[in-house]
**Q** 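Quick one: the structure is below, and I'll ask about it shortly.
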Amino acid sequence: MSQSGVDVPPKGGFSFDLCKRNDMLIQKGLKAPSFLKTGTTIVGLIFKDGVILGADTRATEGPIVADKNCEKIHYMAPNIYCCGAGTAADTEAVTDMVSSQLRLHRYQTGRDSRVITALTLLKKHLFSYQGHVSAALVLGGVDITGPHLHTIYPHGSTDTLPFATMGSGSLAAMSVFEAKYKEGLTRDEGIKLVAEAICSGIFNDLGSGSNVDICVITKGHKEYLRNYMEPNPRTYVSSKGYSFTKKTEVLRTKITPLMERVEITEVGEAMEE
Amino acid sequence: MDLNLDAPHSMGTTIIGVTYNGGVVLGADSRTSTGMYVANRASDKITQLTDNVYVCRSGSAADSQVVSDYVRYFLHQHTIQLGQPATVKVSANLIRMLAYNNKNMLQTGLIVGGWDKYEGGKIYGIPLGGTVVEQPFAIGGSGSSYLYSFFDQAWKENMTKEEAEQLVVKAVSLAIARDGASGGVVRTVIINSEGVTRNFYPGDKLQLWHEELEPQNSLLDILNAAGPEPMAI
């Protein structure tokens, strides 16, 4: 029976056993694999009837754009959404985990989830990992006690604010909010301001780019506006298709679209609960 | 520009707790910084533990929030078991137990202040390391360095409520003027036998100190203002 050479911490969590060996390899010249970071501009603001969250859609791996249209506004509960900046895996994992915990809690209590519950679950988890789970979050939602907006930092500290920005583009977005935010914005004014703040991040921060996602949450209703604005369309797509160098004789052309449009027709009775 | 947005949140901070004839006044600034960026310019560093005991937090934002959350929970249980409001001494001791036993991992300085029927108004300072010291007044945070001499001169026993609050506001305002890691607004909490009063003093309404300029709404106003009058002979 072979014995495992690496000690696993008894309660799960991180094992730092390989750090010394990794440092030695890097010194010898090995290039460490990079991980997907969402450079990011994420914002949130409280308006007259609820909360508006906004995010850009660029995911970067060092200097390369790994995903031009990723989703940074994560579902936590029907009335609570969370934007995530930092390491993409960490934000996805932590928001998914807390979203499941919230659902189980809803089943147990028989009530809608409250934003402060999500906040406490997230901050407990992040604090216990002492900042190694690199997730910076903007959590917003409307519950029975009203609209709430919180920011959560990787070390586990939280702030409650009327408007908030996070991520590498946070300074650009915050400058827009500080200049133009006021209390009691209407829905359209709020969306316009959020879009402006995200655009400011997209155009002035190298880690943010592509499109603007917006999520509007009000009492009993939410609207997830995916790709609300697309200020970076791909402009130079050749309409002639691919052309070969001068001497090549094209014998046959066959174009296969990579994704087929699938038509779904509902047959039979609807599923019953 | 040294802008490390991954730096842990610290509350640079100026926190003060002062006893007066009948209760205590707690005061704090409102700046939370991440490296050189102000992450929250309107934070509330005076956190409630029970109806009659509040704590001023400084140092690492995460550590101080977690400690005060745990102690609020312990005090809630303690109050139920005891059947009457918890005393300030017990609150300070619970904070001290956490701070001392986890001294290697925590980086937070706290000032506990409140009023109970046995001892009246009391202030306990709990700096890094987990010492607990009962004092007539306590100061903490990075901005407190600039206030030691000020308090040596300005503090006196048995002040009235108004005098004590004015002293606290003046002190926080002086520290904000000199400490880069403190700023924003001045928040005060007054605790006495009658209850708790929260006050708020916006940064631009504070008294101006040496070489401080009038607050302006925007840089454009300053630039567009007419230049100084030419000298007339």
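Residue numbering restarts at 1 for every chain, and letters A, B, ... go by the order of the sequence lines.
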**Q** Using non-hydrogen atoms only, which part of B:D69 is less than 4.5 Å away from chain A: side chain, backbone, both, or neither?
**A** side chain
**Q** Relative to chain B, which segment of A:T165 carries a heavy atom at a distance below 4.5 Å: side chain, backbone, both, or neither?
**A**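 Interface part for A:T165: side chain.
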**Q** For A:M166, is it the side chain, the backbone, both or neither that has a heavy atom under 4.5 Å from a heavy atom of chain B?
**A** neither
**Q** Does B:K170 make a cation-pi contact with B:Y201 (under 6.0 Å, within 45 degrees of the axis)?
**A** no
**Q** Should the pair A:F177 and A:F163 be assigned to parallel (<30°), tilted (30 to 60°) or perpendicular (>60°) ring geometry?
**A** perpendicular
**Q** Under the salt bridge (Lys or Arg N to Asp or Glu O under 4.0 Å) rule, collect the residues that match up with A:D213, sequence neighbours excluded.
**A** A:R226
**Q** Return a table of donor-acceptor pairs under 3.5 angstrom between the side chains of residues 94-103 of chain B and protein atoms on other chains or two or more places apart.
**A**
unit_1	atom_1	unit_2	atom_2	d
B:R96	NE	B:N93	OD1	3.1
B:R96	NH2	B:N93	OD1	2.7
B:N101	ND2	B:M97	O	3.1
B:N102	ND2	B:L98	O	3.0

